[in-house]
There are 2 protein chains.
Amino acid sequence: MVKANARAVTDEENSALKKSDRTRLAILKAAAKLFKERGYTATTLRDVADEAGMKAGSLYYHFSSKDEIMDEVLDSGLRGVYGAVTDAIGECDANNHLEKIEAAIRAHVKMLFLQGDFVSANIRLYSQLPEEIRLKHQKLRHEYADLWDQLLQEAKEVGLLRADLEIVPLRQFVIGGLNWSTEWYDGEKNSVEILAERCIKLIGHGMYASREIDD
Amino acid sequence: MVKANARAVTDEENSALKKSDRTRLAILKAAAKLFKERGYTATTLRDVADEAGMKAGSLYYHFSSKDEIMDEVLDSGLRGVYGAVTDAIGECDANNHLEKIEAAIRAHVKMLFLQGDFVSANIRLYSQLPEEIRLKHQKLRHEYADLWDQLLQEAKEVGLLRADLEIVPLRQFVIGGLNWSTEWYDGEKNSVEILAERCIKLIGHGMYASREIDD
DNA sequence: CAAGTATTCTAACGCATGTTAGGAAATAAC
DNA sequence: GTTATTTCCTAACATGCGTTAGAATACTTG
């Protein structure tokens with residue numbers, strides 16, 4: 001199991017970093033933003049350099065290729081969510097599955113917007129990436145999926161979840177629904193907490209007012 | 001209001017078409033497939049031509065630019081879902097909002113997989129497209145969104161939906177969750193109908209077995 | 001301030017892309 | 001079977017891409 005609690009990229013603790021690491025981070029942020037907006041191939045290294053306040057050639061002092069930049073954007077993005085969700089679950093009563101699930105959703109959504117472009121880039125672009133890059137990140141992705149599957153499986157066994165639900169499709173649906181929110185929800189203007197609570201309700205109880213409607 | 005009942009692109013009624021229209025359609029299918037897989041910029045016209053069994057230059061006999069190809073892929077994709085959902089709703093009892101919502105979900109999901117690459121390309125790539133192309137399709141997108149908003153709003157006023165739900169985020173969440181299924185569900189191997197019923201249940205009632213869990 | 005190191009810039013390279021023009025091949029019309 | 005017309009191919013173009021090497025600048029250390 002890979003260490004999941006790596007630090008997020010959201011911080012502004014730049015002061016503590018060396019100059020080299022600071023511009024490295026600036027490049028990554030610029031890249032994440034543009035990758036997310038335009039896609040991998042459509043984003044030029046000249047664009048990235050411009051957004052980071054330098055010239056294209058200079059990028060190669062910090063990274064050895066465009067692929068490597070994408071590599072790191074993907075990695076830190078997912079690792080941030082993974083770590084946050086793991087931590088959030090860890091702080092819950094181990095037997096309170098409802099609390100754990102809600103904490104997981106809350107952490108996932110929160111990180112989705114804190115890490116911003118990094119996670120969004122990961123989600124949006126993964127399927128379109130060159131195979132080489134994609135393969136490198138399969139492992140981490142599977143680990144994160146497994147974390148959720150475990151969480152949901154336990155909840156199902158305890159009777160918290162409807163018995164007719166299959167775990168894997170459910171997980172896909174849940175994570176997919178959450179992730180999609182980065183496409184339309186403006187985390188800068190609106191409260192991420194409110195969004196998280198909405199998601200918890202919707203995923204948990206659905207949209208109908210009464211339960212006996214059909215089934 | 002734009003006419004929504006345009007014919008889908010899923011058919012194999014090629015025999016009835018002129019030769020020109022047949023290769024035109026072949027090009028569109030090839031383009032949709034590759035666009036979906038690799039993204040817009042990453043897809044070469046030489047790739048598209050190859051997939052369609054011809055050479056790159058020949059594409060320009062049928063289309064005047066790469067943008068125009070994308071244009072039509074987007075259009076026919078969304079128009080297919082739009083039309084199908086409109087028809088499905090129209091066949092329901094006008095006052096049975098539950099039936100209408102379920103029919104809409106069913107039609108949307110079904111079309112998602114019937115139209116395959118066309119819709120997926122639309123969903124996946126829209127946000128990354130060159131502004132010029134995107135603007136052209138905003139109208140159609142808004143119309144489709146309005147259709148859903150109307151549907152949900154009516155249902156809310158009748159008391160079918162929980163009163164604390166806001167329409168727009170709900171619609172985003174619902175459509176987003178459905179659309180995401182094209183990323184992970186294999187409609188070739190598995191039944192699309194089963195997926196649709198699952199979605200109906202999940203969106204309607206959520207994943208918890210009992211309702212009084214929190215709230 | 002000088003020497004050395006860390007960082008960025010300039011300028012160019014080979015390559016792949018979207019697009020075009022004119023000729024070749026296929027198809028249709030008489 | 002010979003024209004017309006439709007469809008496709010070949011070959012090239014200008015442009016922008018990722019990448020590289022070496023010169024130029026900024027920073028650190030004595």
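All values reported here derive from a predicted model rather than from experimental measurement. Just so we're on the same page: letters track the sequence lines, and every chain starts at 1.
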- prompt: To the nearest angstrom, how far is A:L59 atom CG from D:dT20 atom C1'?
  reply: 13 Å
message: How many whole angstroms separate atom CD1 of A:I27 from atom C1' of C:dC9?
response: 14 Å
- request: State, without any angle test, whether B:Y82 and B:H108 hold a side-chain donor-acceptor pair at a distance under 3.5 Å.
  value: no
query: Could you give the OH-to-P distance, from B:Y61 to D:dT10, as a whole number of Å?
result: 18 Å
field: B:Y60 side chain near C:dT19 phosphate (N/O to OP1/OP2, under 4.0 Å)
entry: yes
- line: Of the candidates D:dC8, D:dT19, C:dT8, the side chain of B:T23 sits closest to D:dC8
field: Of the listed nucleotides D:dT10, C:dC9, C:dT19, the one nearest the side chain of A:K55
entry: C:dC9
message: How many whole angstroms separate atom CZ of B:R22 from atom C1' of D:dT6?
response: 14 Å
message: I want to check a possible cation-pi pair here: B:R198 against A:F173, using under 6.0 Å from ring centre and within 45° of the ring axis as the test.
response: no
task: Please state how far atom NE2 in A:H62 lies from atom C1' in C:dT8, giving the value in whole angstrom units.
output: 8 Å
field: Proximity to the side chain of B:K66 - top-ranked nucleotide from C:dT19, C:dT8, D:dC9
entry: C:dT19
field: Test applied, salt bridge (charged side-chain N to carboxylate O under 4.0 Å, His left out); reference residue, B:D71; option that passes from B:K66, B:R134, B:K136
entry: B:K136
statement: Assign each of A:T44 and A:S64 the nucleotide of DNA chain D bearing its closest heavy atom; nearer the 5' end lies the nucleotide of A:T44
query: Is a donor-acceptor contact shorter than 3.5 angstrom present between the side chain of A:R46 and the base of D:dG16?
result: no
- line: Taken to the nearest whole Å, CG/B:D50 to P/C:dA16 is 15 Å
- prompt: Is any side-chain nitrogen or oxygen of A:S58 closer than 4.0 Å to OP1 or OP2 of C:dC9?
  reply: yes
message: Would you compute the distance between atom OG of A:S120 and atom CZ of A:F113 and round it to the nearest 0.5 angstrom?
response: 7.5 Å
message: For a quick check of understanding: with a heavy-atom distance under 4.0 Å over all strands, which category does A:T41 fall into, base, sugar-phosphate or nothing?
response: nothing
message: In whole Å, I'd like the distance from the CZ atom of A:R38 to the C1' atom of D:dG16.
response: 14 Å
- request: Applying side-chain hydrogen bond (donor to acceptor under 3.5 Å, both in side chains) between B:R38 and each of B:T44, B:D47, B:T43, report the one that passes.
  value: B:D47
- request: Using atom CG of B:D21 as one end and atom P of D:dT6 as the other, report the distance to the nearest whole Å.
  value: 13 Å
